[in-house]
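In what follows, chains carry the letters A, B, and so on, assigned in the order in which the sequence lines appear, proteins first and then strands, with residues in each chain numbered from 1. Just so it is clear, the structure is predicted and the values come from calculations on it, not from any experiment.
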2 protein chains.
Amino acid sequence: MKVSTKGRYALRMMLDLAQHYEEGFISLKDISKRQEISKKYLEQIIIIINKPDFLKTNRGSQGGYKLAKSPSEYTVGDILRLTEGSLSPVDCVDNPSECERYAGCLTLPVWKHLSEIINDYLDSVTLQDILDTQQEEYAINYVI
Amino acid sequence: MKVSTKGRYALRMMLDLAQHYEEGFISLKDISKRQEISKKYLEQIIIIINKPDFLKTNRGSQGGYKLAKSPSEYTVGDILRLTEGSLSPVDCVDNPSECERYAGCLTLPVWKHLSEIINDYLDSVTLQDILDTQQEEYAINYVI
DNA sequence: GCAAATTCCTATCTGTTCAGTAGATAATAT
DNA sequence: ATATTATCTACTGAACAGATAGGAATTTGC
């Protein structure tokens with residue numbers, strides 16, 4: 001039940017791009033430095049989220065990446081579903097018919113509900129939300 | 001973000017024991033047949049959840065396992081935390097101080113909240129709840 | 001007290017995924 | 001031209017998932 005480094009790093013990259021949204025194209029070199037993540041590894045991860053409706057990209061000197069939309073238009077769920085494949089806790093939630101036991105499966109409703117909760121929450125949080133909370137909300141959450 | 005077979009099989013074993021709660025000790029052989037899971041694999045998994053406050057066990061002929069408490073006293077969260085270790089989506093939720101970046105980490109609140117949601121839901125569902133829903137609730141969930 | 005049934009214990013194995021490194025090629029601004 | 005950047009392909013080492021296998025210890029029924 002863990003989110004892989006791919007997903008976590010992808011989210012941090014997107015947040016980094018959101019923080020520097022106004023500065024034009026941002027190179028992986030800069031993101032790598034700020035986030036302290038191997039640039040080579042970031043290369044592989046950004047390939048996954050480098051879709052036309054997600055990122056704009058430019059090669060060559062002064063090139064890099066920038067968000068295709070405003071930070072409020074990306075949800076954490078969007079990003080994680082790209083890198084993690086699916087956020088459902090068990091495969092049979094996505095394709096129940098592939099399991100022979102699904103018809104009478106007692107546990108499937110639990111997994112289905114869990115999947116809904118996870119997806120609904122992650123789809124309710126945008127990059128902009130995360131930027132807005134910053135220190136303030138962090139402190140609140142930390143006390144809980 | 002997947003629950004392993006260990007966790008899923010453990011839940012199914014516990015549900016099987018709950019369904020035959022009144023029948024004394026239940027052997028792994030029977031559970032294995034009903035659940036169509038290798039008995040050898042079940043042996044290893046049940047060792048993890050075979051705690052005194054969880055299961056009663058008897059060796060030898062006519063031996064087996066039975067629940068130590070009533071089905072309503074086990075939550076899915078209890079069972080999965082034993083087999084999966086922790087249900088938090090990232091390690092830093094459990095020990096934030098181990099990450100050097102945690103102080104200003106923008107993503108930590110998201111993971112913390114997600115972790116709460118997951119744990120709260122799974123702790124709200126007992127074995128008895130699952131038995132009660134059976135076909136009826138299953139149909140409702142399926143339509144959603 | 002013996003045989004059958006059962007849990008318990010330890011070791012082993014195969015394939016896959018995780019997390020990352022490395023090197024070369026293609027495009028672009030200056 | 002040159003430096004800078006993204007893009008592509010390949011490789012690797014360690015850990016984990018998901019089991020299988022064999023035998024020892026314990027208990028019940030007879």
Side-chain angles (χ1 to χ4, degrees), chain A residues 1-13 16-17 20 23-33 35-52 54-68 80 83-86 89-92 99, chain B residues 1-13 16-17 20 23-33 35-52 54-68 80 83-86 89-92 99:
Chain A
M1 277 292 275
K2 294 285 182 254
V3 175
S4 71
T5 53
K6 257 187 198 149
R8 304 201 315 269
Y9 291 176
L11 179 55
R12 280 167 60 186
M13 272 196 279
D16 194 288
L17 288 174
H20 302 88
E23 304 170 23
F25 289 96
I26 309 291
S27 72
L28 276 191
K29 194 173 137 200
D30 289 348
I31 301 179
S32 166
K33 272 187 200 154
Q35 300 296 323
E36 300 173 280
I37 304 171
S38 145
K39 174 169 161 287
K40 275 298 188 184
Y41 195 24
L42 289 186
E43 281 181 15
Q44 298 196 22
I45 296 171
I46 208 162
I47 268 180
I48 306 172
I49 51 178
N50 190 11
K51 314 275 178 189
F54 240 66
L55 297 178
K56 299 295 179 198
T57 166
N58 248 7
R59 288 172 153 200
S61 186
Q62 304 302 100
Y65 302 90
K66 65 177 187 182
L67 300 186
L80 292 185
T83 55
E84 303 286 305
S86 156
V90 296
D91 283 333
C92 52
C99 174
Chain B
M1 278 292 276
K2 293 286 182 254
V3 175
S4 70
T5 53
K6 259 187 196 146
R8 305 202 313 271
Y9 290 176
L11 179 56
R12 280 168 60 187
M13 272 195 280
D16 194 287
L17 288 173
H20 301 88
E23 302 171 23
F25 288 97
I26 308 292
S27 72
L28 278 189
K29 194 173 138 201
D30 288 350
I31 301 179
S32 165
K33 271 187 201 154
Q35 300 297 325
E36 298 175 281
I37 304 171
S38 145
K39 175 170 159 284
K40 275 299 188 183
Y41 196 23
L42 289 187
E43 282 182 15
Q44 298 196 23
I45 296 171
I46 207 161
I47 269 179
I48 306 173
I49 52 179
N50 190 11
K51 315 275 180 189
F54 241 66
L55 295 179
K56 299 296 179 198
T57 166
N58 251 5
R59 289 174 152 197
S61 184
Q62 304 300 100
Y65 303 89
K66 66 177 186 182
L67 300 186
L80 291 184
T83 55
E84 302 286 305
S86 157
V90 298
D91 284 332
C92 53
C99 174

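In this structure, Ile37(B) places its CD1 atom 9 Å from P of dA19(D), rounding to the nearest Å. The nearest whole Å value for the distance from the NZ atom in Lys33(A) to the C1' atom in dT4(D) is 13 Å. Atom NZ of Lys29(B) is separated from atom P of dT7(C) by 10 Å (rounded to the nearest Å). Between the P atom of dA19(C) and the CG atom of Asp91(B) lies a distance of 10 Å, rounded to the nearest Å. Distance NZ (Lys39(A)) to C1' (dG20(C)): 14 Å, rounded to an integer number of Å. Rounding to whole angstrom units, CG of residue Asp30(B) and P of dA5(C) are separated by 13 Å. If you measure from atom CZ of Phe25(A) to atom C1' of dT28(C), you get 11 Å, rounded to the nearest angstrom. Note: CG (Leu55(A)) to C1' (dT7(D)) measures 14 Å, nearest angstrom.
When the salt bridge (charged side-chain N to carboxylate O under 4.0 Å, His left out) test is applied to Lys33(A), no partner is found at least two apart in sequence or on another chain. Every residue two or more places apart in sequence or in another chain that forms a salt bridge (charged side-chain N to carboxylate O under 4.0 Å, His left out) with Lys40(A) is listed here: Glu43(A).
Contact check for Tyr41(B) versus Lys6(B): side-chain heavy atoms found under the 4.5 Å cut-off. Considering only heavy atoms from C-beta on, Leu28(A) comes within 4.5 Å of Met13(A) through its side chain. At least one side-chain heavy atom of Ser4(A) sits less than 4.5 Å from a side-chain heavy atom of Glu84(A). Proximity of Ser27(B) to Gln62(B): side-chain heavy atoms (C-beta onward) are nowhere separated by under 4.5 Å. Proximity of Leu55(B) to Lys51(B): side-chain heavy atoms (C-beta onward) are nowhere separated by under 4.5 Å. Taking 4.5 Å as the limit, every side-chain heavy atom of Arg12(A) sits out of range of all side-chain heavy atoms of Ile31(A). Inter-residue side-chain proximity for Arg8(A) and Thr5(A) is flagged as met; some heavy-atom pair is nearer than 4.5 Å. A heavy-atom distance below 4.5 Å is not found between the side chains of Pro89(A) and Met1(B).
Note on Tyr65(A): only backbone sugar-phosphate atoms sit closer than 4.0 angstrom, heavy atoms only; bases stay farther off. Nucleic acid contact for Lys2(A): none, since no nucleic acid atom lies under 4.0 Å from a heavy atom of the residue. Using a 4.0 Å heavy-atom cutoff across all strands shown, Ile46(A) reaches no nucleic acid atom at all.
Here the closest non-hydrogen pair linking Thr57(B) and Phe25(B) is C-CE2, 3.8 Å. In terms of heavy-atom proximity, Pro52(B) sits nearest to Ala68(B) at O-CB, 3.8 Å.
Under a 3.5 Å cut-off, the side chain of Ser32(A) and the backbone N or O of Ile37(A) do form a donor-acceptor pair.
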Under-3.5 Å N/O pairs linking protein and nucleotides 9-17 of chain D:
unit_1  : atom_1 : unit_2   : atom_2 : d
dA10(D) : N6     : Gln44(A) : NE2    : 3.2

I'd like a table of atom pairs between the protein and nucleotides 13-15 of chain C - only N or O on both sides, under 3.5 Å - with the distance next to each one.
none

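The base of dG22(D) sits within donor-acceptor range of the side chain of Lys40(B), with an N or O pair under 3.5 Å.
Using a 4.0 Å cut-off, no side-chain N or O of Ser27(A) falls inside it from OP1 or OP2 of dT4(D).
One axis for each end of the helix from dG1(C)-dC30(D) to dT30(C)-dA1(D), each built from five base pairs, and the angle between them comes to 20° at 10° resolution.
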What string of B, S and - do you get for nucleotides 25-30 of chain D 5' to 3' if you count protein non-hydrogen atoms under 4.0 Å?
BBBB--

Verify side chain to side chain donor-acceptor pair (under 3.5 Å) between Tyr9(B) and Thr83(B), making sure each step is shown before the conclusion.
CA-CA 10 Å; Tyr9(B) 290 176; Thr83(B) 55; over 6 Å; no

